[in-house]
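Before any comments, here is the structure.
In the text below, chain A, chain B and the rest are named by the order of the sequence lines, each starting its count at 1. All of these numbers come straight from a predicted model, not from anything done at the bench.
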There are 2 protein chains.
Amino acid sequence: MLKEERQHSILNEVELHNRVLLTDLADKLNVSVDTVRRDVKELDEENMLIKVHGGAVSLGFTNHAPQRNNVYALDKKIIIAKKAISLLRNNSVILIDGGTTCLELAKLLPTNLKLTCFTLSLPVAMELLRKPNVETIFIGGALSKDSQMAMGPSTIHALSDIKVDYSFIGTGYVDPEFGLTEFDWDVVQTKKAVINASKKTVLLCISEKLNSQHRFKTCHLNVINTMITELEPWDAKLEAFKNLNIQIL
Amino acid sequence: MLKEERQHSILNEVELHNRVLLTDLADKLNVSVDTVRRDVKELDEENMLIKVHGGAVSLGFTNHAPQRNNVYALDKKIIIAKKAISLLRNNSVILIDGGTTCLELAKLLPTNLKLTCFTLSLPVAMELLRKPNVETIFIGGALSKDSQMAMGPSTIHALSDIKVDYSFIGTGYVDPEFGLTEFDWDVVQTKKAVINASKKTVLLCISEKLNSQHRFKTCHLNVINTMITELEPWDAKLEAFKNLNIQIL
DNA sequence: TTTAAACTTGCAAAAAACTGCAATTTGATT
DNA sequence: AATCAAATTGCAGTTTTTTGCAAGTTTAAA
């Protein structure tokens, strides 16, 4: 008997009776209790049922629906997103870049805030669609598999027709002297076009990225109007950024 | 025995019993287990079945779908998607519309098939990004909240620059006399632009939608090159569509 | 608190999967 | 028809996965 068959049977049994004992399953399926235990453990890890001492119960029986987000430094990004939201007014026209910080911004947008919102990022667009008072426009183009964003020539061309009030962008690396830098050339080109399409550009950036750099340069920091980190404004790590004529939140 | 023939037998066996052991197949087909294993691996990559340790299970049988989708008539849509996939060749340039049937098509695209793929639909784009050999281009524009698709003037304009080999579209309603109709005016305009951007248009349509109509007309059926339903070609429900000079799968 | 059942961990045997290679078949081209 | 390149297939050696068992620990119910 295939493992898949066995697990399928286990799921059926759990759905049918809402609860099962490992010993009963082992008996019914003609395998050792250890095997059943391992199966149930796997199914539990796949969120198909919930393992309990001595057996398993069905998902519907409890109120467990954990879609766990595994975002690095999520708490910091939430702080940043909230600060960014404080810049927004009703009927602003904004652009939201990709990356997990910008995604957090999209998630946390107040439902009563009226916005017109451009984006290049598939996940951000998904979130924006859930906001009843946000009109979402996706900037088309070739999609990058790892960043799930539109980028490249046709995206850059589409951006040339746009001028938004604020754009919120992330960056791979930022340094007070070298400015914003990236690992990837396409990303740099696209971010440049985003900045060009904005009256004001807001950089969202967790403190881990401060004072780091890589091979391709997006822009110098003086092109940025506002930089938002999770740090308090008087934090020492921000010292080097304070001479640069940019607003720091 | 030809490879093609053998793989066909394997598929039959899987569909019939929901599960098979590699050893049984090797025995039955008089080839080595390695050969069967390679066949099953290929079929798995083409999303015709799911390879598991020791054998294979049919698509509908899997417990490995963490979030069980609650799509109406999913099994029918899977049949339709498989038929649609049989039209595709390496290096085809295609466009995939929104809707759950088209989404299923995107999900089931073989991982080894090289495609350039345009789409207007956020969920479809998400799926396409998971295919290593598919280059995905999103047609930008204002996003509709309920259909999660780009539509409207800017989308239509972007489509005017494109001519794909095949477009796969869904429809709200279809009738042999009135053709494709929709509830929504914007949708109709966008679908017209999609059809214009295609050398050949393929309609994906579950049988429930046959012989139904609504207020806005996308096009007459003679504009469609191929219509795919889950029905067998000789099904009586398809009778009225057979005079229309369209290929029916 | 006691105690039997359930769990964890490590291990070993068997089954299955993967890898590289060589023999064979297939197909296209001259 | 001859020949070469590519695909297919089976085999042998190695690695991984699965499974049951045993020894020690934890859990939960009386």
Side-chain angles (χ1 to χ4, degrees), chain A residues 1-14 16-59 61-62 64 66, chain B residues 1-14 17-59 61-66 85-86 88-92 110-115 132-133:
Chain A
M1 180 181 254
L2 291 170
K3 194 173 93 173
E4 302 292 317
E5 281 183 87
R6 215 173 42 228
Q7 297 192 352
H8 201 257
S9 293
I10 294 172
L11 274 180
N12 274 343
E13 201 68 12
V14 172
L16 192 60
H17 297 113
N18 285 325
R19 66 182 182 82
V20 279
L21 301 180
L22 297 190
T23 49
D24 288 350
L25 286 173
D27 196 29
K28 183 172 233 169
L29 300 169
N30 281 313
V31 287
S32 75
V33 184
D34 300 74
T35 303
V36 171
R37 183 175 290 116
R38 275 185 276 237
D39 282 338
V40 167
K41 190 178 170 194
E42 280 181 28
L43 291 170
D44 178 84
E45 282 162 359
E46 290 166 17
N47 290 314
M48 305 299 292
L49 49 69
I50 294 166
K51 185 178 180 311
V52 297
H53 192 94
V57 296
S58 95
L59 276 182
F61 221 55
T62 67
H64 252 251
Chain B
M1 179 179 257
L2 294 171
K3 191 171 109 177
E4 192 76 10
E5 216 178 325
R6 211 173 44 228
Q7 296 195 352
H8 205 261
S9 291
I10 294 174
L11 275 180
N12 273 343
E13 200 70 12
V14 172
H17 296 110
N18 280 331
R19 65 178 191 89
V20 276
L21 304 180
L22 294 192
T23 48
D24 287 353
L25 285 174
D27 197 28
K28 181 174 234 171
L29 300 169
N30 282 313
V31 287
S32 74
V33 183
D34 298 75
T35 303
V36 172
R37 182 174 292 119
R38 275 184 277 236
D39 281 339
V40 167
K41 189 177 172 191
E42 281 180 27
L43 291 170
D44 177 85
E45 281 165 356
E46 289 165 18
N47 287 312
M48 305 301 287
L49 48 69
I50 293 166
K51 184 178 181 311
V52 299
H53 190 95
V57 296
S58 82
L59 279 182
F61 191 78
T62 177
N63 56 35
H64 250 282
I85 286 167
S86 70
L88 298 175
R89 299 288 171 270
N90 264 331
N91 302 313
S92 292
T111 48
N112 58 358
L113 186 63
K114 276 196 186 175
L115 291 175
N133 291 307

Q. Do NZ/NE/NH1/NH2 and the carboxylate oxygens of A:K28 and A:E13 come within less than 4.0 Å?
A. yes
(Q) Nearest whole Å is fine: how far is D:dT18 P from A:R6 CZ? (A) 9 Å
Q: Find the distance B:D44:CG to C:dC18:C1' and express it as a whole number of Å.
A: 15 Å
Q. Is a salt bridge present between B:R6 and B:D39, judged by a nitrogen-to-oxygen distance below 4.0 Å?
A. yes
Q. Between C:dA16 atom C1' and B:D24 atom CG, what is the distance in whole Å?
A. 14 Å
Q.
Heavy atoms only, 4.0 Å cut-off, all strands: where does A:V36 land among base, sugar-phosphate and nothing?
A. nothing
Q.
Is any side-chain heavy atom of A:L2 closer than 4.5 Å to one of B:L21?
A. yes
Q: Could you say whether B:R38 or B:H53 is positioned toward the 5' end of DNA chain C, judged by the nucleotide with the nearest heavy atom to each?
A: B:H53
Q.
If you assign each of A:L2 and B:S32 to its closest nucleotide in DNA chain D, which residue comes earlier from the 5' end?
A. B:S32
Q: Check the distance between D:dT15's C1' and B:D34's CG and give it to me in whole angstrom.
A: 15 Å
Q) For A:D39 and D:dT17, what is the distance between atoms CG and P respectively, to the nearest whole Å? A) 16 Å
Q: Give the nucleotide from the list C:dC7, C:dA17, D:dT18 with an atom nearest to the side chain of B:K51.
A: C:dA17
Q | Rounded distance (Å) that lies between atom P of C:dT26 and atom CD of B:E4 | A | 15 Å
Q. Using a cut-off of less than 4.0 Å, is there contact between a side-chain N or O of B:K41 and OP1 or OP2 of C:dA17?
A. no
Q.
The test is side chain to side chain contact (heavy atoms under 4.5 Å, CB included); show your working for B:E42 and B:M48 and say whether it passes.
A. CA-CA 9 Å; B:E42 281 180 27; B:M48 305 301 287; over 6 Å; no
Q.
Please classify the nucleic acid contact of B:V52 as base, sugar-phosphate, or nothing, using heavy-atom distances under 4.0 Å.
A. sugar-phosphate
Q | Whole-Å distance separating the CZ atom of B:R37 from the C1' atom of D:dC11 | A | 13 Å
Q. Whole Å only: how far is the CG atom of A:L22 from the C1' atom of D:dT19?
A. 16 Å
Q: Identify whether the distance between the nearest side-chain nitrogen and carboxylate oxygen of B:K51 and B:E45 falls below 4.0 Å.
A: no
Q.
Heavy atoms only, 4.0 Å cut-off, all strands: where does B:V33 land among base, sugar-phosphate and nothing?
A. nothing
